[in-house]
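I have placed the structure first, in the form of structure tokens, so that the comments after it can refer back to it.
Nothing here was measured: the structure is a model prediction, and the numbers come from that model.
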Amino acid sequence: MSKKFKFYKNRKTKNHPSIEVDSNGTIWINLEVTSSPTKKNRYIELKVNPNPKRNDKAYVRKYLRKDPIKTRGQLLEKFNLSEDDLIEIETYLNNKKS
């Protein structure tokens, strides 16, 4: 299991978990995690739910949120991405940059 990305509660999304991609003193860039996607093709389906207490499907929204740093809530220490999911998210982020 990789610890490259940290998961935090996001106060902007009713405390749903988000994966921190980057942050500075004022803004944090994050990807929302959900178990109920609203539209097809806008989410990456994870192979393993990052929340160790849940076995249902989890998805990462294909949208980089830029939220004020004060909306970053509690660190979710037990959350982890599987290696396959980590590679998938890194690939998505790399393709997004280019």
Side-chain angles (χ1 to χ4, degrees):
M1 292 285 179
S2 170
K3 269 295 191 192
K4 178 171 180 168
F5 293 113
K6 289 185 176 171
F7 288 79
Y8 291 92
K9 285 185 178 178
N10 188 340
R11 294 186 184 110
K12 265 274 209 278
T13 60
K14 299 188 178 110
N15 284 325
H16 274 159
S18 282
I19 300 170
E20 181 178 72
V21 177
D22 198 8
S23 70
N24 61 31
T26 53
I27 286 175
W28 70 301
I29 299 168
N30 63 86
L31 293 164
E32 285 176 73
V33 180
T34 186
S35 56
S36 51
T38 52
K39 293 201 168 88
K40 287 201 182 302
N41 302 323
R42 293 211 183 153
Y43 294 84
I44 299 166
E45 184 177 322
L46 299 178
K47 291 179 175 57
V48 180
N49 192 322
N51 182 345
K53 293 184 178 169
R54 293 185 56 173
N55 291 325
D56 54 342
K57 282 271 173 213
Y59 303 85
V60 172
R61 188 169 172 221
K62 291 181 179 176
Y63 172 73
L64 281 170
R65 293 182 59 94
K66 293 183 174 97
D67 293 320
I69 199 83
K70 68 180 187 294
T71 63
R72 186 175 71 189
Q74 173 189 359
L75 174 64
L76 300 167
E77 291 182 38
K78 301 236 184 306
F79 280 52
N80 255 318
L81 284 173
S82 71
E83 286 301 319
D84 289 345
D85 293 335
L86 176 69
I87 291 164
E88 184 129 9
I89 288 171
E90 284 180 332
T91 303
Y92 166 72
L93 291 170
N94 289 336
N95 291 342
K96 193 147 179 69
K97 285 179 188 158
S98 54

Query raised in the report: How are the rings of F7 and F79 set relative to one another: parallel (under 30°), tilted (30 to 60°) or perpendicular (over 60°)?
Result: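 The rings of F7 and F79 sit tilted, inter-plane angle from 30° to 60°.
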**Report entry** Within 6.0 angstrom of Y92 OH, more than 12 heavy atoms from elsewhere
**Finding:**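 Yes, OH of Y92 has more than 12 neighbouring heavy atoms, counting only those of other groups under 6.0 Å.
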Report task. Answer yes or no: does atom CG of N55 have more than 12 heavy-atom neighbours from other residues, nucleotides or ligands under 6.0 Å? Result ->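 No, CG of N55 has 12 or fewer neighbouring heavy atoms, counting only those of other groups under 6.0 Å.
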Taking the side chain as everything from C-beta on, heavy atoms only, tell me whether [X] gets closer than 4.5 Å to [Y].
{"X": "I44", "Y": "K62", "answer": "yes"}
{"X": "V33", "Y": "P50", "answer": "yes"}
{"X": "E90", "Y": "F5", "answer": "yes"}
{"X": "D22", "Y": "I27", "answer": "no"}
{"X": "K6", "Y": "L75", "answer": "yes"}

**Report entry** Single-linkage hydrophobic cluster, 4.5 Å side-chain cutoff, L81 and L76 together
**Finding:**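 In one cluster: yes.
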Requested in this report: Answer yes if L46 and V21 sit in the same cluster of Ile, Leu, Val, Met, Phe, Trp and Tyr residues linked by side chain heavy atoms under 4.5 Å apart, and no otherwise.
Outcome: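 Same cluster: L46 reaches V21 through Ile, Leu, Val, Met, Phe, Trp or Tyr contacts under 4.5 Å.
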Requested in this report: Could you go through the side chain to side chain contact (heavy atoms under 4.5 Å, CB included) check for L64 and L31 one step at a time?
Outcome: CA-CA 5 Å; L64 281 170; L31 293 164; 3.7 Å; yes
Approximate separation, where rounding is to 0.5 Å, of [X] [atom1] and [Y] [atom2]:
{"X": "K12", "Y": "K70", "atom1": "NZ", "atom2": "NZ", "result": "6.5 Å"}
{"X": "K4", "Y": "E83", "atom1": "NZ", "atom2": "CD", "result": "11.0 Å"}
{"X": "E45", "Y": "K57", "atom1": "CD", "atom2": "NZ", "result": "4.0 Å"}
{"X": "N94", "Y": "I89", "atom1": "CG", "atom2": "CD1", "result": "12.0 Å"}
{"X": "H16", "Y": "N30", "atom1": "NE2", "atom2": "CG", "result": "13.0 Å"}
{"X": "I29", "Y": "L93", "atom1": "CD1", "atom2": "CG", "result": "10.0 Å"}

Query raised in the report: Does D85 use its side chain to pair, donor to acceptor, with the backbone of K47 at less than 3.5 Å?
Result: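 Between the backbone of K47 and the side chain of D85 there is a qualifying donor-acceptor contact (under 3.5 Å).
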**Report entry** Check: N15 side chain, K9 main-chain N or O, donor-acceptor pair, under 3.5 Å
**Finding:**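 Side chain of N15 to backbone of K9: no pair is present.
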Looking at every heavy atom in both [X] and [Y], which two are closest together, and how far apart are they?
{"X": "W28", "Y": "S18", "answer": "CH2-CB, 3.8 Å"}
{"X": "I69", "Y": "G25", "answer": "CG2-O, 3.3 Å"}
{"X": "R61", "Y": "Y43", "answer": "CA-CD2, 3.5 Å"}

Requested in this report: Would you kindly say whether R54 and S35 are connected by a side-chain donor-acceptor distance under 3.5 Å?
Outcome: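 On atom types as modelled, these side chains qualify, holding a pair under 3.5 Å.
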**Report entry** side chain to side chain contact (heavy atoms under 4.5 Å, CB included) between R65 and N10, worked out
**Finding:** CA-CA 10 Å; R65 293 182 59 94; N10 188 340; 3.7 Å; yes
